[in-house]
Protein chains: 2
Amino acid sequence: MTAEEVKVQSLSLNGATNEEDVVTPWSVESKNDTGVDYEKLIQRFGSSKIDDELLLRFEKITSKKPHQFLRRGIFFSHRDMHTVLNLYEQGKPFYLYTGRGPSSESMHMGHLVPFLFCKWLQDVFNVPLVIQLTDDEKAIWKNLKLEDAIKMSYNNAKDIIACGFNLDKTFIFSDLEHIGNNPAFYQNMIRIQRSVTFNQVKGIFGFGDSDPVGKISFPPTQAAPAFSSSFPFIFKNAKVQCLIPCAIDQDPYFRMSRDVAPKLGFPKPALLHSSFFPALQGSKTKMSASDSNTAIFLTDTAKQIKNKVNKHAFSGGQATVEEHRQLGGNCDIDISYQWLRFFLEDDEKLEQIRKGYSSGEILTGELKKHLIDILQPMVLAHQERRSKITDDIVKQFMVPRDLGFRTNK
Amino acid sequence: MTAEEVKVQSLSLNGATNEEDVVTPWSVESKNDTGVDYEKLIQRFGSSKIDDELLLRFEKITSKKPHQFLRRGIFFSHRDMHTVLNLYEQGKPFYLYTGRGPSSESMHMGHLVPFLFCKWLQDVFNVPLVIQLTDDEKAIWKNLKLEDAIKMSYNNAKDIIACGFNLDKTFIFSDLEHIGNNPAFYQNMIRIQRSVTFNQVKGIFGFGDSDPVGKISFPPTQAAPAFSSSFPFIFKNAKVQCLIPCAIDQDPYFRMSRDVAPKLGFPKPALLHSSFFPALQGSKTKMSASDSNTAIFLTDTAKQIKNKVNKHAFSGGQATVEEHRQLGGNCDIDISYQWLRFFLEDDEKLEQIRKGYSSGEILTGELKKHLIDILQPMVLAHQERRSKITDDIVKQFMVPRDLGFRTNK
């Protein structure tokens, strides 16, 4: 191994010891009941904590109250966010990039987190956003028919668009369709592919010798959108700073992107990392689209939502009402409370609920009712917006086009 | 390793023992003066010899005398050529595919061999031909600026077109430009990439853990044109048999292509393998574009040709005229004679020269004169044709377009 490979491997996810949480793009497993230890993850990944100082600066510069995901530490870690704020202060441009590995099943509430956040960032900063649908990744990992993987992209795109993205500022693309329509993208893939060795991707992603070549060469495909030259129709020839909001499990891709950025003559992409949205059954693992009882899907009816929360949401309450009144509930492990942290905007009301549940004043059934009252209208409104997203609208978002980007605002 | 990986590895080039010739796409080294032992290579690669029976059948079916490259065993090995002849007999279609890793230096006589042969095959069979210029490969292996690699493709395309290809039947493409303009091509790359493991490409191509991901994922890019669905604008939805004329060192790519063909639901590409065009200094290695005295370049003047042949062409003659008259020359190692085998069409005249040189009747200087008299007008004519190939003509060959292909002739 070269010195450089060793350097990259030292950032390895697979360096997790037996007592440490496993966090990779394909597997998340925590060793304790309250879920992944994010403080430790920041240390292991070498990222920075989103602290009060950053939030104050954010609010000062944007004149906007930071989003609840920021206020409540749901997005908890960053790389180079100060650089992005510097640019914004100086009136210089940046752009947002996020993505999704599309699924045939309906998307669930957890999948909305990065998109809701991107939508908010897009509104606050008024910047272009590119959304990559990695249907090639899905076709490789799940051995799907490529046509079916593309269909999944289109299907998921409807849910994404229903989050309210601005057509004038948002480009959504399917890898399987778009890469073959964008020579600059393919050329950046080659530039990245030649800058990363197998040893490096092995260290970062844990690939082995029996893995197909397609898996080994995929990380550069997810890295390419972090460089503005991959989208000449949006950014012309400008070298534009990229900001990537994503769940922390996607960080390996972007550590690699940051590592190769200087070789491509580009700024390192900045990052905002979210913690994981917990499954109804508890924080130990990521929510899974394959077990319909672990998640609230965007297709669930009001009745299903109510039943799932009441039946499956892991409770931090006590065994009996008497004990609960006496000892209070544990919000740290209570999923209804945890989900309210994501979706209940009102800080004051959330704090009342936290106090009430912790003191035993609020019972588990009442807490669940609070969550149900938030989720039902939220999902219904999503369904209503989604029903209006026609195939034609999806195509409009997917057309490579000028998004009105100018180097000087 | 899986059983399948073992099967592919058993075809490994790297299985060459210490006494065997090394033949890979990046290195050719023979252990004896007359060059690579092609009979042994056929056994090691598991291909078939182009024998008299095949040549007779070829002549019978096409009513054409086989090309001198076939008559003289320069194309010496094949895979499934009888399948291709069966199709032709039945009036069913096939297509030709060959390629080149473009170079900044001028192309040399050896580079012409596959193209001269393809031109002849195209005329005989009246079939479409696709020519891949692997500028992505060159950019990865030689760490070139991508823009420079693309320029090399356009430059080499002029020499290729000057071989006389029919614009109506020939599509030439640069990987770096075309793959990003052809979703079907990229999609086939993904289909191939997911069907081959790192263990397999390691076995076939000798890649190691310190190689960049770009090298590891390149073989599927060279395999993709062997499947007609990579070119929907030519072949529509037809699954068309592919025939690949190439130097034997390229066989590893196409063994891999043949291995994955069933997984893609396609016929295995057929192959015609050529021996190596020897360097002026002798048969031990492939001619190199980096040492200008090892080759006659397509840009050489008549005087340079004369001087190079006289000065550098390895001679099979004896030390003195007297000895030569007495013992005769050795055509097997004499480069002037070997080159005449490639380019002197007249069988009778070639046989006269062979007999004359072997018996000592023809002296080395006279033999060299024969070669010079063939090369000078051949190179001059090439230069004249090439000077007429404008950038616009190159672009016409490179436009993805309908080549008038029909499933039934």
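The analysis underlying the following values was restricted to heavy atoms, covering all of them including side chains, and did not include hydrogens, waters or symmetry mates. A note on names: the letters A, B, ... follow the listed sequences, proteins ahead of strands, and every chain is numbered from 1. Everything numeric here is computed off the predicted structure, so don't read it as measured data.
- Pairing each heavy atom of B/S217 with each of A/S217, the nearest pair is CB-CB, 3.4 Å.
- For a residue to count as touching a neighbouring chain, one of its non-hydrogen atoms must lie under 4.5 Å from one of that chain's; by this rule B/E147 touches chain A with the side chain only.
- Looking at every heavy atom in both residues, B/I216 comes nearest to A/V213 through O-CG1, 3.5 Å.
- The choice from B/V196, B/I150, B/I192 that makes the most heavy-atom pairs within less than 4.5 Å of chain A is B/V196.
- Proximity to chain B (any heavy atom under 4.5 Å) is shown, for A/S174, by neither the backbone nor the side chain.
- Of all the listed residues (A/N181, A/N182, A/I179), the one sharing the greatest number of non-hydrogen pairs under 4.5 Å with chain B is A/I179.
- Atom CZ of residue A/R191 and atom CG of residue B/L146 lie 4.5 Å apart, to the nearest 0.5 angstrom.
- Aromatic rings from A/Y186 and B/Y186 are positioned such that their centres are separated by 6.0 Å or more.
- Of the possible polar contacts, one joining the B/R194 side chain to the A/L144 backbone as a donor-acceptor pair under 3.5 Å is found.
- In the displayed structure, B/K142 atom NZ is contacted under 6.0 Å by at most 12 heavy atoms of other residues, nucleotides or ligands.
- Note that CZ of A/F207 and OG1 of B/T197 are 13.5 Å apart. Values are rounded to the nearest 0.5 Å.
- Environment of CG in B/N237: sparse, with no more than 12 heavy atoms of neighbouring residues, nucleotides or ligands closer than 6.0 Å.
- Using modelled atom types, one side-chain atom of B/Q187 and one backbone atom of A/L176 make a donor-acceptor pair closer than 3.5 Å.
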